[in-house]
A.B. asks: 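Once you've had a glance at the structure underneath, I'll fire off some questions.
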Protein chains: 2
Amino acid sequence: MSSNLKERILQTASELFYRQGIRATGVDAIVKAAGTTKMSLYHYFPSKNDLVLAHLQKTAEIMREKIVDGIAARASEPKARLLAVFDVFGELLASDGFRGCPFINAATESAAEDEPFRLASVDFYLQFRRRLTDLAEEAEARQPELLARQLSLLISGAIVAEQMQRNSGAMRAARDAAEILINRSLDGV
Amino acid sequence: MSSNLKERILQTASELFYRQGIRATGVDAIVKAAGTTKMSLYHYFPSKNDLVLAHLQKTAEIMREKIVDGIAARASEPKARLLAVFDVFGELLASDGFRGCPFINAATESAAEDEPFRLASVDFYLQFRRRLTDLAEEAEARQPELLARQLSLLISGAIVAEQMQRNSGAMRAARDAAEILINRSLDGV
DNA sequence: AATGATACAGACCGGTCGGTATAGTTGCAA
DNA sequence: TTGCAACTATACCGACCGGTCTGTATCATT
């Protein structure tokens with residue numbers, strides 16, 4: 001049985017990293033918010049970087065789950081499932097603590113090209129696009145890869161737009177555009 | 001005539017802010033790279049925040065110029081000018097030092113909702129969308145605001161996609177999608 | 001009663017942060 | 001030649017950074 005202190009530290013760190021940014025969140029702040037001590041934190045996570053990495057991996061898992069479940073709960077037909085992705089994200093963008101995509105943010109905060117948690121972010125992004133490609137193939141799109149890439153552009157764009165300005169209806173506009181692109185790619189309309 | 005030391009400091013700071021991030025760039029690093037001293041820097045810019053603000057304003061002006069000139073150099077017909085925007089950005093994304101959109105990055109780095117340089121970023125974003133709306137109106141799009149917003153989503157999305165993975169052809173895919181949306185909005189095809 | 005794991009308490013390290021103070025140097029104009 | 005402004009040089013400030021240190025309290029197992 002894994003320690004729940006470790007979980008609590010990771011949970012607290014995740015929230016702070018997402019809310020304030022990774023660089024902007026000091027180890028002391030995490031320790032204080034989690035109600036523990038530095039020694040305990042460094043017992044479970046050898047360095048801040050390891051903690052960041054754990055945060056990104058956990059977040060990736062949660063996000064994947066939310067997306068998959070959200071799609072399944074909304075639609076079963078291939079074409080409708082492609083559109084459901086936008087509804088899932090629309091809900092995420094509308095939630096209170098929304099501060100943009102954790103992975104885009106992390107990639108932006110990491111200066112160097114090869115920083116470990118930059119790779120984790122890229123990884124999530126590629127996996128997400130892969131998932132969209134699968135959906136596009138199931139829907140028998142004419143160019144599944146192209147369609148998936150375009151839909152992912154719309155989603156990423158809407159995320160950063162909403163991060164700039166809340167309640168701008170960005171995801172709604174993205175969904176409308178997606179509908180056109182999907183129809184065009186499926187029926188040639 | 002304004003001092004060229006001030007210009008040199010601002011220029012140096014701009015490069016470092018963009019290349020390494022704003023938070024990650026210390027005042028000492030700027031001073032050293034510009035070959036001057038802290039006292040001179042603080043003579044022209046009362047605080048690092050003022051320097052950041054000046055950097056964003058200058059960058060915004062340069063970007064606006066590049067976009068306007070780039071469009072004018074490529075097309076004159078309203079519809080072609082809408083598409084030319086994507087070619088302009090395509091060139092920017094392909095340039096060597098590309099590290100994403102300075103304004104998206106700045107907005108991501110600013111934790112608080114009301115940080116001054118977050119507002120500067122939002123401002124540029126809104127002005128850009130406004131410019132797209134003007135182009136869409138000139139092209140007699142049926143819903144100029146909606147079309148402009150959707151095109152801006154594609155562009156923002158392509159920027160962050162390219163930031164995650166270089167030479168991914170994101171802007172090309174965005175352009176293809178844009179063509180479909182534009183045609184649809186103009187001719188009802 | 002002794003052991004070992006878990007966690008807490010808090011001082012401490014070298015280094016960097018943004019920003020300031022004081023003093024010295026240059027070059028140009030009256 | 002004097003004076004003044006632009007600029008340099010450098011030491012310094014308190015605060016914070018990530019990370020390590022010694023030591024102690026708790027508690028279940030043996």
Side-chain angles (χ1 to χ4, degrees), chain A residues 1-57 105-106 108-112 114-118 120, chain B residues 1-57 105-106 108-112 114-118 120:
Chain A
M1 191 188 100
S2 75
S3 163
N4 49 4
L5 175 59
K6 183 175 181 179
E7 285 302 315
R8 200 173 79 225
I9 291 172
L10 179 52
Q11 173 69 24
T12 307
S14 270
E15 288 170 13
L16 292 180
F17 284 154
Y18 181 60
R19 196 191 313 152
Q20 322 177 344
I22 293 172
R23 291 190 75 99
T25 301
V27 174
D28 288 303
I30 297 169
V31 162
K32 195 175 172 188
T36 181
T37 61
K38 267 193 182 185
M39 283 318 289
S40 295
L41 186 150
Y42 276 96
H43 171 69
Y44 291 112
F45 305 95
S47 75
K48 184 186 176 183
N49 246 307
D50 292 271
L51 184 52
V52 172
L53 219 59
H55 148 66
L56 288 176
Q57 281 164 358
N105 294 355
T108 294
E109 281 198 70
S110 69
D114 57 342
E115 274 198 63
F117 57 87
R118 180 191 183 81
Chain B
M1 193 186 103
S2 73
S3 162
N4 50 2
L5 176 58
K6 183 175 181 178
E7 285 301 317
R8 200 173 79 226
I9 291 171
L10 180 52
Q11 173 69 24
T12 307
S14 270
E15 289 170 12
L16 292 179
F17 284 156
Y18 181 60
R19 196 190 315 151
Q20 321 178 341
I22 293 172
R23 291 189 75 99
T25 301
V27 176
D28 288 303
I30 297 169
V31 162
K32 194 175 174 188
T36 180
T37 61
K38 266 193 183 186
M39 285 316 291
S40 295
L41 186 151
Y42 276 96
H43 170 70
Y44 291 112
F45 304 96
S47 75
K48 184 186 175 182
N49 246 306
D50 291 271
L51 184 53
V52 172
L53 220 57
H55 149 65
L56 288 177
Q57 282 164 358
N105 294 355
T108 294
E109 282 200 70
S110 68
D114 58 342
E115 272 196 63
F117 57 89
R118 181 191 182 81

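Proteins come first, then strands; the chains are lettered A, B, ... in the order of their sequence lines, and each starts at number 1. Side chains included, hydrogens not; waters and symmetry mates left out as well; all remaining heavy atoms used.
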A.B. asks: How would you list, by chain and number, every residue that makes a salt bridge (charged side-chain N to carboxylate O under 4.0 Å, His left out) with B/Lys38, sequence neighbours excluded?
C.D. replies: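 B/Asp28.
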A.B. asks: Has B/Lys6 got a side-chain atom pairing as donor or acceptor with B/Phe45's backbone, closer than 3.5 angstrom?
C.D. replies: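 Looks like no, no N/O pair under 3.5 Å.
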A.B. asks: Can you check the A/Asn4 CG to C/dT6 C1' distance for me, whole Å?
C.D. replies: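 Nearest whole value for this atom pair: 11 Å.
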A.B. asks: Check whether any side-chain N or O of B/Thr37 sits under 4.0 Å from OP1 or OP2 of D/dA9, and answer yes or no.
C.D. replies: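 No.
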A.B. asks: Which atom pairs, donor and acceptor, lie under 3.5 Å between side-chain atoms of residues 10-18 of chain B and protein residues at least two apart or in another chain?
C.D. replies:
| from | atom 1 | to | atom 2 | distance (Å) |
| --- | --- | --- | --- | --- |
| B/Gln11 | OE1 | B/Lys58 | NZ | 2.7 |
| B/Gln11 | NE2 | B/Glu15 | OE2 | 2.9 |
| B/Thr12 | OG1 | B/Arg8 | O | 2.7 |
| B/Ser14 | OG | B/Leu10 | O | 3.4 |
| B/Ser14 | OG | B/His55 | ND1 | 2.8 |
| B/Tyr18 | OH | B/Arg99 | N | 2.6 |
| B/Tyr18 | OH | B/Gly100 | N | 3.3 |
| B/Tyr18 | OH | B/Gly100 | O | 2.7 |

A.B. asks: Could you list the residues that satisfy side-chain hydrogen bond (donor to acceptor under 3.5 Å, both in side chains) with B/Asp50, not counting sequence neighbours?
C.D. replies: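 side-chain hydrogen bond (donor to acceptor under 3.5 Å, both in side chains) list for B/Asp50, sorted by chain: B/Ser47.
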A.B. asks: Between the protein and nucleotides 17-24 of chain D, which nitrogen or oxygen pairs come in under 3.5 angstrom?
C.D. replies:
| from | atom 1 | to | atom 2 | distance (Å) |
| --- | --- | --- | --- | --- |
| D/dG18 | OP1 | A/Lys48 | NZ | 2.7 |
| D/dG18 | OP2 | A/Val27 | N | 2.8 |
| D/dG19 | OP2 | A/Tyr42 | OH | 2.8 |
| D/dG19 | OP2 | A/Lys48 | N | 2.8 |
| D/dG19 | O5' | A/Tyr42 | OH | 3.4 |
| D/dG19 | N7 | A/Lys38 | NZ | 2.5 |
| D/dG19 | O6 | A/Lys38 | NZ | 2.4 |

A.B. asks: Between A/Leu41 (CG) and C/dT6 (P), how many Å, whole number?
C.D. replies: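 A/Leu41 atom CG is separated from C/dT6 atom P by 16 Å.
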A.B. asks: Name all residues meeting the side-chain hydrogen bond (donor to acceptor under 3.5 Å, both in side chains) criterion together with A/Thr36; count only those two or more places apart in sequence or in a different chain, and write none if there are none.
C.D. replies: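 If we apply the side-chain hydrogen bond (donor to acceptor under 3.5 Å, both in side chains) test to A/Thr36, skipping adjacent residues, there are no hits.
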A.B. asks: Over how many whole Å does the gap from A/His43 atom NE2 to C/dA9 atom C1' extend?
C.D. replies: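 These atoms are roughly 17 Å apart.
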A.B. asks: Output all residues satisfying side-chain hydrogen bond (donor to acceptor under 3.5 Å, both in side chains) with A/Thr25, sequence neighbours left out; order by chain, then residue number.
C.D. replies: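 Counting only residues at least two positions away or on another chain, A/Thr25 forms a side-chain hydrogen bond (donor to acceptor under 3.5 Å, both in side chains) with A/Gln20.
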A.B. asks: Provide, to the nearest angstrom, the distance between the CZ atom belonging to B/Phe45 and the P atom belonging to C/dT20.
C.D. replies: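 It is 15 Å, rounded to the nearest whole Å.
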